[in-house]
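The next block holds one structure in the form of structure tokens; read it before the comments.
Just so we're clear, the structure is a prediction, and the values are computed from it rather than from any experiment.
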Amino acid sequence: MPIDEIKIDQGFIRELSNKPQDLIFVESLVSLGLAMGVLITVEGVETEAHIALLREMKINYLQGYAIARPLEAEAVADFVRTFVLGAGDVDTPMLALYQHLGWVRAAAESAMNHQGYEHTELAACPITTWLHAHASELPEVETLLAEHETVHALGREILQVRQSGTREELHRLLGQLHEHSHRFQEGLGRAVKTMRDNAEAKAPPPEGTDQ
């Protein structure tokens, strides 16, 4: 049967704030939909961080509490007339990681197809800014920074070898790029989850609850 829309279940979206390493799976679904030229709807959009990420990914339709809570029928007309989608919270590892993964993918395609690409320098990568901004909250941040730097170094080396190296060299570098990129994503996911858990543990209990 023909497909004219892909709807990404909320189960893939809600936990992205705690598990940014799962972003690569969501990105794959979005890329599939864009390549097919179909509409894409994402459920579970519950935070400003979700909005910032999904706007960057150019998703067609968003659904979730960050857009609106369930409305009475008579309130829908006013909502439609006055609603404006904000830019969302850009201070999120999801958005930074998505932008970082964009050039990692370009570097991998360059290695496979011997095409040029624009390398993003380490200092200009949004992940660099985010990691430094949250260094005091993240466990093992020095390990994350080092792994991130390795990924960028491999991307730069692919660009250099592509101009005069052999296919075998490029494939070796591509394997290392995938290995270190995956290691970085997994480490970032663990660190972010720990950071979120620690923040929740330190948060004061809601008013009216027993101490």
Legend entry - Phe25: partners by ring-ring contact (aromatic ring centres under 6.0 Å, His included), with sequence neighbours left out: Phe12

Shortest non-hydrogen contact between [X] and [Y], atoms and distance:
X      : Y      : result
Leu131 : Leu138 : CD2-CD1, 3.8 Å
Leu101 : Ser181 : CD2-OG, 4.3 Å
Gly155 : Trp103 : CA-CZ3, 3.7 Å
Asn60  : Val38  : OD1-O, 3.9 Å
Thr166 : Glu169 : N-OE1, 2.8 Å
Gln10  : Glu43  : N-OE1, 3.3 Å

Legend entry - Pairs satisfying ring-ring contact (aromatic ring centres under 6.0 Å, His included), at least one member in residues 171-200, at least two apart: His100-Phe184, His148-Phe184

Inset, instruction - Just do the side chain to side chain donor-acceptor pair (under 3.5 Å) check on His152 and Glu149 with the steps written out, would you? - result: CA-CA 5 Å; His152 276 265; Glu149 184 174 356; over 6 Å; no

Please tell me if the side chains of [X] and [Y] come closer than 4.5 Å, counting only heavy atoms from C-beta onward.
X     : Y     : value
Ser31 : Leu34 : no
Glu5  : Ile40 : no
Val42 : Val26 : no
Val45 : Tyr65 : no
Leu39 : Ile6  : no

Inset, instruction - Take Leu154 and Leu174 through the test side chain to side chain contact (heavy atoms under 4.5 Å, CB included) and record every step on the way to the result. - result: CA-CA 8 Å; Leu154 286 166; Leu174 179 61; over 6 Å; no

Inset, instruction - Please determine, by modelled atom types, if Gln63 and Thr41 share a side-chain donor-acceptor pair under 3.5 angstrom. - result: no

Inset, instruction - Give the intermediate values and the outcome of side chain to side chain contact (heavy atoms under 4.5 Å, CB included) for residues Arg167 and Leu170. - result: CA-CA 5 Å; Arg167 184 173 294 275; Leu170 284 171; 5.6 Å; no

What is the distance from atom [atom1] of [X] to atom [atom2] of [Y], rounded to the nearest 0.5 Å?
X      : Y      : atom1 : atom2 : result
Glu142 : Glu147 : CD    : CD    : 13.5 Å
Leu23  : Met94  : CG    : CE    : 8.0 Å
Glu140 : Leu145 : CD    : CG    : 12.0 Å
Ile67  : Glu46  : CD1   : CD    : 11.0 Å
Gln176 : Ile158 : CD    : CD1   : 9.0 Å
Leu122 : Ile127 : CG    : CD1   : 11.0 Å

Inset, instruction - Report the C-alpha distance between Leu97 and Trp130 in whole Å, list the side-chain angles of each, state the deciding distance to 0.1 Å, and finish with yes or no for side chain to side chain contact (heavy atoms under 4.5 Å, CB included). - result: CA-CA 9 Å; Leu97 182 60; Trp130 192 88; over 6 Å; no

Legend entry - CA sep, side-chain torsions, deciding dist, call: Arg172, Glu168, salt bridge (charged side-chain N to carboxylate O under 4.0 Å, His left out): CA-CA 6 Å; Arg172 175 182 59 82; Glu168 287 73 21; over 6 Å; no

Legend entry - Hydrophobic cluster identity match, Leu54 and Leu32, side-chain contacts under 4.5 Å: yes

Legend entry - Same cluster (ILVMFWY, side-chain, under 4.5 Å), Tyr61 and Ile3: no

Legend entry - Donor-acceptor contact below 3.5 Å, side chain Thr128 vs main chain Ala124: no

Inset, instruction - Could you walk me through whether Gln185 and Ile24 pass side chain to side chain contact (heavy atoms under 4.5 Å, CB included), step by step? - result: CA-CA 9 Å; Gln185 292 170 53; Ile24 195 165; 4.0 Å; yes

Legend entry - Residue pairs, two or more places apart or on separate chains, that pass salt bridge (Lys or Arg N to Asp or Glu O under 4.0 Å) and touch residues 98-108: Glu27-Arg105

Could you give the side-chain donor-acceptor pairs of residues 72-80 under 3.5 Å, partners two or more places apart or in another chain?
from	atom 1	to	atom 2	distance (Å)
Asp78	OD1	Arg81	NH1	3.3
Asp78	OD1	Arg81	NH2	2.2

Legend entry - Any residue meeting side chain to side chain donor-acceptor pair (under 3.5 Å) with Glu15, in chain and number order, not counting sequence neighbours: Asn18

List the atom pairs, donor and acceptor, that lie under 3.5 Å between side-chain atoms in residues 186-197 and the rest of the protein, sequence neighbours left out.
from	atom 1	to	atom 2	distance (Å)
Lys193	NZ	Asp197	OD2	3.0
Thr194	OG1	Arg190	O	3.0

